[in-house]
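Predicted, not measured: the structure shown is a model, and the values here were computed from it. When reading the values below, keep in mind they use all heavy atoms of this one structure, side chains included, and skip hydrogens, waters and symmetry mates. Protein chains get the first letters and strands the later ones, always in sequence-line order, with residue 1 at the start of each.
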Number of protein chains: 2
Amino acid sequence: MAKIDDIMKMTGFSRTAVSKALNDKDDISEATKKIIRDAARELNYIPNINARNLRSKNNNVIALIISSPSAESEKTNTLYPLLMGVNKAMAAQQYELALYIIDSKDQAAKSYVAFCRERNVKGAILVGIKTDDDYIKQLKNSEIPYVLIDVDIRGTDHMNVVKIDDVTAAFEATEHLIDHNHKNIAFINGGKTATVAIDRWEGYQKALAEHGLPLQHDYVKIADFSEEKAYAVTKALFKQHPELTAVFCASDLMALGTMKALDDLELDVPRDVSVVGFDDIPLASYVKPALTTINQSFFEKGNKAADLIASLLKESQDKKIITLPHKLMRRNSVAHNKRSA
Amino acid sequence: MAKIDDIMKMTGFSRTAVSKALNDKDDISEATKKIIRDAARELNYIPNINARNLRSKNNNVIALIISSPSAESEKTNTLYPLLMGVNKAMAAQQYELALYIIDSKDQAAKSYVAFCRERNVKGAILVGIKTDDDYIKQLKNSEIPYVLIDVDIRGTDHMNVVKIDDVTAAFEATEHLIDHNHKNIAFINGGKTATVAIDRWEGYQKALAEHGLPLQHDYVKIADFSEEKAYAVTKALFKQHPELTAVFCASDLMALGTMKALDDLELDVPRDVSVVGFDDIPLASYVKPALTTINQSFFEKGNKAADLIASLLKESQDKKIITLPHKLMRRNSVAHNKRSA
DNA sequence: CTGAAAGCGCTTACAG
DNA sequence: CTGAAAGCGCTTACAG
């Protein structure tokens, strides 16, 4: 491995001159730069990034911290586009990406704050954090700027967040069902602590309230964003409450489980029961009937989060909430309810 | 940020003692270690990884290099499980993962060899390389050990490779069709240079030959692993060759396009035409009719590749080819051909 | 078992 | 425009 000193010996210039030329500084003549660059090329010189970062403290690395990825099914596939979105923005801005995946088990092993400080990470993007996670506290105590994806803005005193308006999206999804004359609408939610779950739950309630429909707590179930649990929950729900004519699921994956349960119950979607999902994963449009759902772009989430952290590092600014658009995709899993109330 | 010198001053031990205690070396008394560790905890000390790596040259980083990820649709989602597989093995072995994503456009910008040498990467895993890529040459010239995922073993004089037996898998897929009395079987391939495409093409030919079926070059088309192109190609194919009763697609994504085209042509799958895919992506089992296809695990590919590179670094050994299992998933897109020849 | 000293490969004031 | 020197925060022979 060629080093700066090798170029120095080869060209006769000082170590300083070589370093400056290689970094294209102003105070070196073009002639000198050319000689040095040629020598560097000839020697196949590649700078040692550890030495550079140690000395200059200028390493441009941003961490993407993915929490509990195993919670995400391969079927959902939201993290991959998100990663691509982050990567695209990072590459464009000359930042380097450090990936840190927190598996549920080794959470105790090492904190991601240590991870970031060890390698002098300048900023972090966090995905998959729940509102009751310790991690949020860890973050606040660290000096590292960060942006959170899909984290609620309430009670988090001004953090940088990229999200969609989950409340409104869930409101629209529920209202879409109400508009199709559904009155007994079940809600299958992902959990109680995930921010998106909390928000979607709020949107569901709002829509019912606004249209004068009573909130039946019996119609609301938690299925942990799991297809299998949604399947089980749906079966139980419809056995107990045959008056239900529609289900709003807080994720497409759960909607898939719900549709399967309905099928096993010999309830036709959408003739007997209407279903709305959330996320618009690829599967949603391929399933039969194609699933009506809320579309959001995970690529954009990653991309905007990376842009935000980059701009935060350039100029310190006030904490910022970026709300990305969502869209109700009307497909074939919702029909007009003809049952009499 | 606390440094070793701070602990040194706080405890009165030398810099050497502190460093050794923190790294749990043998030649430090337990009593001293305890004092130093306590001080480190109190000072919230976190080692600077750049300094450590610069000095010790012992950085345990392995690069995962993903080439042309945009070629992969979000629908396919093979890279995410692969990344998880790599990550799991790396974490278990105390290696750190450096992710390098080569987008088609910035291929010229910086070579991944420079990327690896800059940060003193010890080994690399490469995905998405095609047999005609420059990258393979770059690799050979570098001193960095590497393992390739899904690269052919022919003409690559003994590289480390993790793959499935694509030839046999394609053979089985084609034979499955032949076993169902199909004689006119189209083959829609991904490309000509991707290794998996070359291998699957060979498997298709072998199956025909073994069963005494003629190879009709008109029945073979390239659709670049694209759903849209497979759609177009299938339409053209069946307009020109109504005698076709089956299609083997070299990827599930293309099979999706083919099924859509068949549907538009008012050809029923599997009644009129049988279809077999490849990969067993999540969509395959959800589509109606559920797609018969070849299952392979991308998580395992990543996991085994990471294990292999780790063992390569521990003890130099002969180049190794790891062949992972595949499995024909019989679902509902294949039926017995009743048309007379 | 402990410590003084050198050095990993760079960048950056500072002086000229 | 160029160079001599110091130092980033560690680890590691070496000596005791």
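For the pair B:Leu22 CG and D:dT12 C1', the computed distance is 15 Å after rounding to whole Å. One interatomic measurement links the two molecules: CD of A:Glu118 to P of D:dC10, which rounds to 11 Å at whole-angstrom precision. Regarding A:Leu43, its CG atom lies at a distance of 12 Å from the P atom of C:dC10, rounded to whole Å. The CG-P distance, from B:Asn50 to C:dT11, rounds to 13 Å in whole Å. Distance, B:Asn53 CG to D:dT11 C1': 11 Å, rounded to whole Å. In this structure, B:Arg117 places its CZ atom 14 Å from C1' of C:dG9, rounding to the nearest Å. If you measure from atom CG of B:Leu54 to atom P of D:dT11, you get 11 Å, rounded to the nearest angstrom. Atom C1' of nucleotide D:dG9 and atom CE of B:Met8 are separated by 12 Å, given to the nearest angstrom.
Residues forming a side-chain contact (heavy atoms from CB on, under 4.5 Å) with A:Pro81 (at least two apart in sequence, or on another chain): A:Asn77, A:Phe298, A:Phe299, B:Glu74. Checked against side-chain hydrogen bond (donor to acceptor under 3.5 Å, both in side chains), B:Glu42 has no partners two or more places apart in sequence or in another chain. In this view, B:Ala21 and B:Ile28, B:Lys33, B:Ile36 satisfy the side-chain contact (heavy atoms from CB on, under 4.5 Å) rule, not counting sequence neighbours. When the side-chain hydrogen bond (donor to acceptor under 3.5 Å, both in side chains) test is applied to B:Ser297, no partner is found at least two apart in sequence or on another chain. Considering only residues two or more places apart in sequence or on other chains, A:Lys304 meets the side-chain contact (heavy atoms from CB on, under 4.5 Å) condition with A:Val162, A:Glu300, A:Leu324. Judged as a side-chain contact (heavy atoms from CB on, under 4.5 Å), and not counting sequence neighbours, the contacts of B:Asn44 are A:Arg117.
Residues in residues 4-18 of chain B take part in these side-chain hydrogen bond (donor to acceptor under 3.5 Å, both in side chains) pairs, two or more places apart or across chains: B:Asp5-B:Arg15.
Residue A:Lys57 places no side-chain N or O under 4.0 Å from the OP1 or OP2 atom of D:dC8.
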With 3.5 Å as the limit, what N/O pairs link the protein to nucleotides 2-6 of chain D?
| unit_1 | atom_1 | unit_2 | atom_2 | d |
| --- | --- | --- | --- | --- |
| D:dT2 | OP1 | A:Thr32 | OG1 | 2.8 |
| D:dT2 | OP2 | A:Ser29 | N | 3.2 |
| D:dT2 | OP2 | A:Ser29 | OG | 3.4 |
| D:dT2 | OP2 | A:Thr32 | OG1 | 3.0 |
| D:dG3 | OP2 | A:Ser14 | N | 3.0 |
| D:dG3 | OP2 | A:Ser14 | OG | 3.3 |
| D:dG3 | O6 | A:Lys20 | NZ | 3.4 |
| D:dA4 | N7 | A:Thr16 | OG1 | 3.4 |
| D:dA4 | N6 | A:Thr16 | OG1 | 2.3 |

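For the pair B:Val86 and B:Gly302, the tightest heavy-atom approach, listed with the atom from each and the gap, is CG2-O, 3.4 Å.
Using a 4.0 Å heavy-atom cutoff across all strands shown, B:Asn23 reaches sugar-phosphate atoms only and no base atom.
For the side chain to side chain contact (heavy atoms under 4.5 Å, CB included) with B:Ile65, the lone residue among B:Leu99, B:Leu126, B:Val121 that qualifies is B:Leu126.
Where DNA chain C pairs in unbroken runs of 3 or more (Watson-Crick or G-U, both distances under 3.5 Å), the stems are C:1-3 with D:14-16, C:5-12 with D:5-12, C:14-16 with D:1-3.
Distance from the side chain of B:Ser19 is smallest for D:dT11 among the nucleotides D:dT11, D:dC10, C:dG9.
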